[in-house]
Amino acid sequence: MKRTPLTGAFYARPTAEVARRLLGHVLVSRIRGREVAGRIVETEAYIGPHDPACHAYGDRRTARTETLYGTPGIAYVYFTYGMHWCLNAVTERVDYPAAVLIRALEPLAGIELMRRRRGTVPDHALCAGPARLCEALGITGAQNGRSLQRGDLRILRDGRTRFRIAVTPRIGITTAQDWPLRFVVADSPWLSR
DNA sequence: GGTAGGATAAGCT
DNA sequence: GCTTATCCTACCA
């Protein structure tokens, strides 16, 4: 079955809606010609200048956050805690800084390569966390600002699977801790926690 | 099963 | 100097 990329219009909508609707679709990495793929099972929304947990809170437009202000459907990849990369899909409209953090995948293809990249971890931890999935897929700052519709990183439509969605507060943040903006495939064994 | 502490650097005040 | 959209290991139960 042929899968096609989610279009720019898919991302040009309210961020929480994009976060919810990304669940079940497939993230494919073809970095350095090697294909690795997983189904998105956990996301979080970071919604613009009025969201205290968003990097662009207060409309802080800097070299780092510039990508968040870009075209919906590009990747925002940032570096944190001195050693980890995290992947987002930019949403809404140009000049409005919002994105969806991809927090966990169900591994679908290239699992041997994921194991080599991740080292000695059980399979359920291969892509269970935003930095873990970036390591498993080979994602770094080289992908920041790149389209998710073509090239090294793509998110492909897949509506075949049915599942229940659960909503919780976001993880690892210190402000706006009660905002229900984390979306998960309920009961998936591949979640970050 | 659980949690505390450390790694390690960009970006901010 | 302090914080951070994290992860791993060590240790305790």
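What you are looking at is a predicted structure, and each value in this text was computed from that prediction instead of being measured. Letters go in sequence order (proteins before strands), and every chain restarts at 1.
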Requested in this report: Could you list the residues that satisfy side chain to side chain donor-acceptor pair (under 3.5 Å) with A:Thr80, not counting sequence neighbours?
Outcome: none
Requested in this report: Determine, for A:Tyr57 and A:Arg60, whether the Lys NZ or Arg CZ falls below 6.0 Å from the six-membered ring centre while staying within 45 degrees of the axis.
Outcome: no
Query raised in the report: Does some side-chain heavy atom of A:Arg3 sit less than 4.5 Å from a side-chain heavy atom of A:Arg157?
Result: no
Query - Side-chain donor/acceptor contact of A:Tyr78 with base of C:dA5 under 3.5 Å - result: yes
Query raised in the report: If you measure from CD1 on A:Ile173 to SG on A:Cys54, what distance do you get to the nearest 0.5 Å?
Result: 11.0 Å
Query raised in the report: Hey, are the side chains of A:Ile102 and A:Leu133 touching, using non-hydrogen atoms and a 4.5 Å cut-off?
Result: yes
Query raised in the report: Just how far, in rounded Å, is C1' of C:dC7 from CZ of A:Arg103?
Result: 11 Å
Query raised in the report: Is a side-chain donor or acceptor of A:Ser188 paired with a backbone partner of A:Val185 at a separation under 3.5 angstrom?
Result: no
Query raised in the report: Counting only N and O atoms by type, is there a donor-acceptor contact under 3.5 Å from the side chain of A:Asp123 to the main-chain atoms of A:Ala125?
Result: no
Report task. Can you tell me the distance, in whole Å, between the CD atom of A:Glu135 and the P atom of C:dC7? Result -> 10 Å
Query raised in the report: Does A:Leu156 reach the side chain of A:Leu6, with side-chain heavy atoms less than 4.5 Å apart?
Result: no
Query raised in the report: Hey, does the side chain of A:Thr174 come within less than 4.0 Å of C:dT3's phosphate (OP1/OP2), counting only N and O?
Result: no
Query raised in the report: Would you say a side-chain N or O of A:Arg182 is under 4.0 Å from OP1 or OP2 of C:dA5?
Result: no
Query - Interatomic spacing from OH in A:Tyr46 to CG in A:Leu181 - rounded to 0.5 Å - result: 8.5 Å
All N/O contacts under 3.5 Å from nucleotides 11-13 of chain C to the protein, with atom names and distances to one decimal?
none

Query raised in the report: Does anything in residues 106-130 of chain A reach DNA chain C, meaning a heavy atom under 4.0 Å, and if so which residues?
Result: A:Arg118, A:Gly129, A:Pro130
Report task. State, yes or no, whether a side-chain contact exists between A:Arg193 and A:Ile171 at a heavy-atom distance under 4.5 Å. Result -> yes
Report task. Check every strand shown and say whether A:Arg170 touches a base, only sugar-phosphate, or nothing at a heavy-atom separation below 4.0 Å. Result -> nothing
Query raised in the report: Does the ring centre of A:Phe79 sit less than 6.0 Å away from the ring centre of A:His84?
Result: no
Requested in this report: For A:Ile173, answer base if it contacts any base atom (sugar-phosphate contacts may also be present), sugar-phosphate if it contacts only those atoms, and nothing otherwise; contact means non-hydrogen atoms under 4.0 Å.
Outcome: sugar-phosphate
**Report entry** Where at least one partner belongs to residues 20-33 of chain A, residue pairs that pass side chain to side chain donor-acceptor pair (under 3.5 Å), sequence neighbours excluded
**Finding:** A:Glu17-A:Arg21, A:Arg30-A:Glu35
Report task. Without swapping roles, check the side chain of A:Arg34 against the backbone of A:Ile31 for a donor-acceptor pair under 3.5 Å. Result -> no
Report task. Keeping to residues at least two apart or across chains, list the side chain to side chain donor-acceptor pair (under 3.5 Å) pairs with something in residues 127-143 of chain A. Result -> A:Arg118-A:Glu135
Query - Which residues share a salt bridge (Lys or Arg N to Asp or Glu O under 4.0 Å) with A:Arg170, sequence neighbours left out - result: A:Asp51
Requested in this report: Tell me, please, which residues at least two apart from A:Glu66 pass salt bridge (Lys or Arg N to Asp or Glu O under 4.0 Å).
Outcome: A:Arg61
Query raised in the report: Among residues 186-193 of chain A, which contact DNA chain C at a heavy-atom distance under 4.0 Å?
Result: none
Requested in this report: Using heavy atoms and a sub-4.0 Å distance, could you list which residues of residues 38-63 of chain A are near DNA chain B? By number, please.
Outcome: A:Arg60, A:Thr62
Requested in this report: Kindly state which residues belonging to residues 65-75 of chain A come within less than 4.0 angstrom of DNA chain C, counting heavy atoms of the residue only, listed by number.
Outcome: none
Report summary line: A:Leu101 atom CG is separated from C:dC7 atom C1', nearest whole Å, by 14 Å
Report task. Let me see the working for A:Tyr78 and A:His55 under ring-ring contact (aromatic ring centres under 6.0 Å, His included), right down to the final yes or no. Result -> CA-CA 10 Å; A:Tyr78 69 88; A:His55 286 165; 4.7 Å; yes
Query raised in the report: Does A:Arg64 place a side-chain N or O at less than 4.0 Å from the phosphate oxygens OP1/OP2 of B:dC12?
Result: no
Requested in this report: For residues A:Tyr76 and A:Asn144, determine if any side-chain heavy atom of one lies less than 4.5 Å from a side-chain heavy atom of the other.
Outcome: yes
Query raised in the report: How many Å lie between CG on A:Leu133 and C1' on C:dC7, as a whole number?
Result: 13 Å
Query raised in the report: In which stems does DNA chain C show up, taking only runs of three or more Watson-Crick or G-U wobble pairs whose two distances fall under 3.5 Å?
Result: B:1-7 with C:6-12, B:9-12 with C:1-4
Query raised in the report: How far apart are the C-alpha atoms of A:Arg103 and A:Ser192, what are their side-chain angles, what is the distance that settles it, and do they pass the side-chain hydrogen bond (donor to acceptor under 3.5 Å, both in side chains) test?
Result: CA-CA 7 Å; A:Arg103 281 198 58 94; A:Ser192 67; 3.2 Å; yes
Query raised in the report: Can you tell me how far C1' of B:dA9 sits from CH2 of A:Trp85, to the nearest Å?
Result: 11 Å
Report task. Kindly compute the distance separating CZ (A:Arg13) from OG1 (A:Thr91), expressed to the nearest 0.5 Å. Result -> 11.0 Å
Query - Spacing between A:Asp178 atom CG and C:dA5 atom C1', to the nearest angstrom - result: 16 Å
Every protein N/O lying under 3.5 Å from an N/O of nucleotides 3-8 of chain B:
from: B:dT8; atom 1: O2; to: A:Tyr81; atom 2: O; distance (Å): 2.4

Report task. Kindly compute the distance separating CG (A:Leu137) from SG (A:Cys127), expressed to the nearest 0.5 Å. Result -> 6.0 Å
